[in-house]
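All of these numbers come straight from a predicted model, not from anything done at the bench.
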Amino acid sequence: MNTLPVFSSSEPTGLPKWQQPEKVAGWVVLAGLGAAGAYGWGHIVPFLVAMVFDTVRLGIGLGALFVLFLLGTNKRIQAGFWYAGQRILRTAAGIFVNTDPIGIMEDYIRTTEQEARKMDAEVGHIEGARELVQRKLAANAAQTREYLALADAATRQGEKDAADSYASRAAQLQEYSQRLQPMATTTANVSVVMRQILKAALRQIDASKFKVNLLKDEYELVKRTSSGMRAAMNILRGDPDKKYFFDLATDRVAQDMAQQLGQIKQAMRYSQEFVKEMDIQNGVMSAQGQRLLEKYQKGDFNALMTNDKTPAQPAAATLKKASDDAYSSLLD
């Protein structure tokens with residue numbers, strides 16, 4: 001019988017594996033898939049990174065909005081920022097301006113002393129100018145006498161022109177001295193007045209120093225006394241902020257204790273019925289056992305097998321009452 005030959009796909013073709021068409025096509029498909037995956041990954045990664053950073057920025061923005069909401073609604077936070085701002089501005093102002101009242105008075109005294117020293121120097125300059133004027137007047141008087149002597153000598157010798165010249169010079173010096181004399185008098189008067197003002201200013205400075213030192217000592221004592229009294233009042237009245245939190249904590253502890261006591265009482269009520277039943281059953285069984293023991297001791301062994309169902313009502317009632325009393329005392 002003739003049969004058709006069967007061709008198997010597993011038969012060797014005689015070609016290397018890398019030259020077989022299906023192998024080549026598979027590798028081409030795998031390479032294409034790898035290239036497509038790499039291309040797609042290159043587009044997906046920037047999107048994922050941008051999404052992560054956008055999410056982080058969104059969280060930061062929401063946190064900032066929440067903080068702003070707290071700042072706008074919470075009175076304690078607003079008061080804290082208000083006082084902090086005042087403290088910062090006061091500290092910044094204290095760098096450039098002395099805000100201590102005692103320091104302000106001491107600065108005024110130092111400024112006044114500087115002005116007094118300047119005034120003393122100016123008085124010295126005025127007195128020096130007056131001395132120069134006096135010397136100039138004395139020199140002019142001496143020069144005038146000399147010119148007059150020369151004019152007189154020239155007149156005796158018959159030299160009229162020379163005599164007129166010397167006489168004219170003497171007249172000019174005399175006029176010059178007459179013009180300087182009021183200035184010398186004014187300078188002397190101003191010097192005297194300024195010396196008097198300077199003496200009064202120095203006395204005022206000394207009095208101000210004494211007053212400031214006294215106020216400084218009094219202010220220091222008052223501050224220390226006030227600090228001690230403030231500490232005492234904090235003990236008596238308590239710090240308002242800390243007292244507020246103390247009251248909150250006290251109320252919370254009281255509420256927690258009340259809740260726990262309520263849970264304890266509720267648990268005791270739930271267990272009361274169970275314990276009562278157990279006490280009743282134990283009492284009944286104990287009474288039955290006692291009766292059986294008495295019958296056994298009397299020799300009536302067959303009585304053990306009888307159906308004795310007489311309940312021990314007094315014992316059960318007694319146990320129930322004792323259990324109720326015990327629970328009542330616990331609940332109270």
Side-chain angles (χ1 to χ4, degrees), residues 78-148 169-234 239-241:
Q78 290 178 359
F81 275 102
W82 172 259
Y83 289 122
Q86 283 187 341
R87 185 64 179 270
I88 292 172
L89 293 176
R90 189 175 300 170
T91 303
I95 297 175
F96 304 99
V97 180
N98 192 358
T99 57
D100 184 17
I102 301 298
I104 293 173
M105 289 187 287
E106 290 177 347
D107 289 340
Y108 173 75
I109 291 174
R110 283 193 294 269
T111 303
T112 307
E113 286 180 340
Q114 291 176 359
E115 295 296 330
R117 285 193 292 269
K118 290 180 181 179
M119 186 176 179
D120 189 15
E122 294 297 330
V123 171
H125 293 161
I126 292 173
E127 290 180 349
R130 184 174 64 84
E131 184 65 24
L132 290 176
V133 171
Q134 293 293 336
R135 290 183 180 182
K136 188 67 175 176
L137 290 174
N140 288 341
Q143 189 68 37
T144 300
R145 286 193 297 270
E146 183 178 356
Y147 284 149
L148 290 175
R169 292 179 184 179
Q172 291 176 356
L173 289 175
Q174 184 179 7
E175 183 180 1
Y176 183 75
S177 298
Q178 290 176 356
R179 298 285 298 271
L180 285 180
Q181 187 63 41
M183 296 299 298
T185 303
T186 303
T187 305
N189 295 332
V190 169
S191 177
V192 172
V193 171
M194 290 186 68
R195 283 294 178 188
Q196 293 177 353
I197 294 173
L198 181 59
K199 290 179 180 180
L202 292 176
R203 287 195 298 267
Q204 183 65 31
I205 290 172
D206 291 336
S208 298
K209 285 183 178 180
F210 176 79
K211 183 177 180 180
V212 169
N213 291 329
L214 179 60
L215 288 175
K216 185 176 181 180
D217 294 336
E218 291 178 350
Y219 186 58
E220 187 66 25
L221 291 174
V222 169
K223 284 199 302 182
R224 292 184 180 180
T225 306
S226 176
S227 177
M229 291 302 298
R230 191 181 300 113
M233 294 304 296
N234 288 333
D239 189 1
D241 295 334

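- Atom-to-atom distance recorded for Arg169:CZ and Leu148:CG is 12.5 Å, nearest 0.5 angstrom.
- Residues Arg224 and Glu220 are paired through a salt bridge, judged by an N-O separation under 4.0 Å between the basic side chain and the carboxylate.
- Considering only heavy atoms from C-beta on, Gln178 comes within 4.5 Å of Gln174 through its side chain.
- No side-chain heavy atom of Lys199 sits less than 4.5 Å from a side-chain heavy atom of Gln196.
- Within the structure, side chain to side chain donor-acceptor pair (under 3.5 Å) contacts touching residues 201-211 (residues at least two apart or in different chains) are Glu113-Lys209.
- With rounding to the nearest 0.5 angstrom, the CG atom of Leu173 is 11.0 Å from the CG atom of Leu137.
- In this structure, Thr144 has no side-chain hydrogen bond (donor to acceptor under 3.5 Å, both in side chains) partners at least two apart in sequence or on a different chain.
- Atom CG of residue Leu215 and atom CD of residue Glu106 lie 10.5 Å apart, to the nearest 0.5 angstrom.
- Counting non-hydrogen atoms of other residues, nucleotides and ligands closer than 6.0 Å to CD of Glu175 gives a total of 12 or fewer.
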What pairs of donor and acceptor atoms, side-chain ones from residues 180-191 against any protein atom, are under 3.5 angstrom apart with sequence neighbours left out?
residue, atom, partner, partner atom, Å
Thr185, OG1, Gln181, O, 3.1
Thr186, OG1, Pro182, O, 2.9
Thr187, OG1, Met183, O, 2.6
Asn189, ND2, Thr185, O, 3.2
Ser191, OG, Glu127, OE2, 3.0

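- A side chain to side chain contact (heavy atoms under 4.5 Å, CB included) with Arg195 is found for exactly one of Leu198, Ile197, Val192, Val193, namely Leu198.
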> Run the side chain to side chain donor-acceptor pair (under 3.5 Å) check on Tyr147 and Gln143 step by step: do they pass?
Replying inline: CA-CA 6 Å; Tyr147 284 149; Gln143 189 68 37; 3.2 Å; yes
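- Taking 4.5 Å as the limit, every side-chain heavy atom of Gln172 sits out of range of all side-chain heavy atoms of Tyr176.
- The two atoms that bring Ala116 and Ile205 nearest to each other are CB-CD1, 4.1 Å, heavy atoms only.
- Taken to the nearest 0.5 Å, the CD atom of Glu131 stands 5.0 Å off from the CZ atom of Arg135.
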